[in-house]
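Here is the structure we will look at, set down as structure tokens.
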Amino acid sequence: MADVANAPPAVALADATLPLLHEVFGYEAFRGPQRSIVEHVCAGGDALVLMPTGGGKSLCYQLPAIARHRAGRGVTLVVSPLIALMHDQVGALEELGVHAAFLNSTLESDEARQIERELLAGRLVLLYAAPERILTPRFLAMLDSLHERGLLSLVAIDEAHCVSQWGHDFREEYLGLSQLHERFADVPRIALTATADAHTRADIVQRLALAGARPFVSSFDRPNIRYTIVEKDDARAQLRRFMEDEHAGDAGIVYCQSRKKVEETAAWLCTLGIDALPYHAGLDASVRRQHQDRFLREDGIVMVATIAFGMGIDKPDVRFVAHLDLPKNIEGYYQETGRAGRDGAPADAWMTYGLADVVNQRRMIDDSVAGDDFKRIQRGKLDALLALAESHDCRRARLLAYFGEPYGGPDVVSDAQGPPLRAAPARGAASEAGVGVRCGNCDNCLNPPRTWDATEAARKALSCIYRFGQHSGIGFGVGHLIDVLRGKRSDKTAQHGHETLSTFGVGAELSEAQWRGVLRQLLALGHVRTEGEFNTLQLAASARAVLRGEVAIVLREARAPTPKRRRGYARARDAVLADRALSEAAEARFLALRQWRSAVAREHNLPAYVVFHDTTLLQMAQRAPATLDTLALVSGVGAKKLDAYGEAILRVLREATEPAG
């Protein structure tokens, strides 16, 4: 980096951003709103940035940090919640020639003191630290010293949704970050998140004192992700079929609700020959770190995890995210599925869910010790997720509607930095968003479901639940209700006298699976609720309208598994190597580049993608540059990487192209 004393004047900061983008990061152009954000922050403005995972959030504070440091403004402090994220971000910046560091518990005392000296001297461009460390008296005193000398340049608060009690990943230590504004009111701040609904956004603004910040809201659409939600029927068999048919050998994440299920699922996948690792908060920290490092650094690892895993994971080639259990809300679902396809290549978000998932999620909300307002908000969030899962129309349109974004169709604009980005449309009424639109990349659009009018069936089920209360004075569970509706005699139906009810056998024409679908929908819509340890069924107030025939219940029919598709990685690669005559030669170069990259990554103790993304290697393989000047034109090759690796890359390309012998 340029010496601070010889820095260009601050007034030239905005004009310097595009040359810096190419020099440091190797990109020719900004993506979406990046340029506006970068110029606003460079000029000293506060910003609230909502941008999808993989959309380039980090650059929105890293580039201003570089520009302001070169202009003599000092160090940018980055609030980061995870040690692994700090390590990878700092490693990636150092690869780009940007002097960055982190302060966390993994450092020896001598290492930490050396970083503190560099911090206080203003030599660091960016320093990453967790909020609990930043708010200690010792750390605040160091910031005071920097500020007094004009060397505290910028504060970037990553994963800003963690400050909100309404969000899906609330972290109490984030609440104290408002002190930074109180203490350093003249230092610009940028808060960034990939996921925030209206409640969460309002909380971020209020709790971080960002009322004057300029909001930048990108489109939430991730057009390269294919959304699929299937009715749960032997979830393991369904997951196995999905992985073997479409993602054999691919890196992926499988989310489960409980620690026990995580470990059992990981062990089961290993018996199938899949390299799967468990991850949850109950594992020893060293084991979690080892598993996360393997996932980041090796190819084809499948991580089976609770939601304890994933925040800040930058691995670009995750080809699928699968949910074996229903998440708590759409924010969680969006954040978790967004970890797939960060490189812009095709990826899958696959979920299976059933009646038990609905019951369990509602019970967890009802049984929590939270206040009534919080429970009400959480029920509304769950209802929105259930509506997404049960929808007959475009999943993408419904998902975007939740965030207040109307969907106008798959008019995707690609660029050279990474995943395709859609220009953010004007905000509109979520209820009308995407009506009648097909995205062409979700299960409902690719294979529209057949539906049936289940209104009469719903009325029979509700009537039976009502008669349980009249006859026995107690509630009963789903299994017993279905037995009564189908006229199936048992000791329990006889014991409670339910064989004499007028509803006994009125639903014999439907199968048990169909009845489970009806009850799942009634629970999802809130017409039925469960109570107590045994999840007994009770009528909700809205059930009266259904019983009177005032509300129609339309259900989707269960459908057979979709036919096999080509694996995500193969589809992405073939899109680049489209010319068959070039494909064999280009593929040989690509594989040689990947082998070289792996060796460099091991030598530097970094994930391979930090050296170069696959998308950059694919461009090199396709173009086969023969000189440093032509190699510099490949997106993702900045000045430092060209200097460090250019000659080696050209040698690998020559050797892979030359005929053997």
Side-chain angles (χ1 to χ4, degrees), residues 1-4 7-8 13 16-31 34-35 37-38 41-42 54-71 73-78 80 84-102 115 118 123-128 153-154 156 158 192 296-297 312 314-316 342-343 415-418 593 596-597 600-601 603-617 619-620 628 631-649:
M1 300 301 300
D3 189 274
V4 170
L13 285 181
T17 57
L18 189 58
L20 270 180
L21 179 70
H22 180 260
E23 174 198 335
V24 178
F25 295 92
Y27 299 135
E28 294 295 330
F30 288 100
R31 303 170 59 199
Q34 281 180 334
R35 181 165 194 159
I37 298 168
V38 166
V41 175
C42 279
K57 289 189 300 299
S58 297
L59 187 140
C60 293
Y61 64 82
Q62 289 173 353
L63 193 54
I66 297 166
R68 290 175 67 84
H69 185 269
R70 290 190 177 188
R73 300 298 181 84
V75 182
T76 289
L77 173 66
V78 183
S80 182
L85 175 59
M86 298 182 204
H87 283 235
D88 287 349
Q89 291 270 5
V90 168
L93 286 165
E94 290 287 339
E95 281 287 303
L96 295 170
V98 179
H99 191 23
F102 54 76
I115 290 170
E118 294 206 53
R123 289 193 291 268
L124 288 175
V125 182
L126 297 102
L127 177 71
Y128 288 74
S153 174
L154 172 67
D158 203 7
L192 310 99
L296 292 174
R297 286 164 170 74
D314 287 334
K315 187 176 175 68
R342 291 175 61 99
D343 55 5
D415 59 67
Q417 279 192 44
L593 287 168
W596 167 82
R597 182 185 63 178
V600 172
E603 179 183 349
H604 293 193
N605 192 28
L606 290 170
Y609 61 82
V610 169
V611 181
F612 285 110
H613 278 203
D614 269 1
T615 49
T616 299
L617 296 188
Q619 288 183 51
M620 293 178 188
L628 291 176
L631 179 60
L633 299 177
V634 173
S635 179
V637 181
K640 174 63 169 25
K641 289 191 176 182
L642 183 69
D643 182 59
Y645 303 127
E647 293 292 352
I649 291 169

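This chain uses plain numbering: 1 for the first residue, then up along the sequence. Every value quoted in this text rests on a predicted model; they were computed, and no experiment measured them.
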Tell me, do [X] and [Y] make a side-chain contact under 4.5 Å, heavy atoms counted?
X	Y	result
D158	L85	yes
L126	Y61	yes
R35	L21	no
L631	M620	yes
L63	V41	no
N605	R297	yes
I66	F25	yes

Sequence neighbours excluded, which residues qualify as side-chain contact (heavy atoms from CB on, under 4.5 Å) partners of [X]?
X	result
A648	W596, R651
A92	V610
V75	L119, L124, L127

For Y609, ring-ring contact (aromatic ring centres under 6.0 Å, His included) partners two or more places apart: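 By the ring-ring contact (aromatic ring centres under 6.0 Å, His included) rule, Y609 matches no residue at all.
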[X]: what forms a side-chain hydrogen bond (donor to acceptor under 3.5 Å, both in side chains) with it, not counting sequence neighbours?
X	result
S153	R68
S58	Q89
H604	E95, Y645
E647	none

Rounded distance (nearest 0.5 Å) linking atom CD of Q619 with atom CG of L633: 10.5 Å
Gap between atom NZ of K640 and atom CG of L96 - 0.5 Å precision: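 It comes to 8.0 Å.
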N/O donor-acceptor pair under 3.5 Å between E28 side chain and H22 backbone: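 Checked: no pair found.
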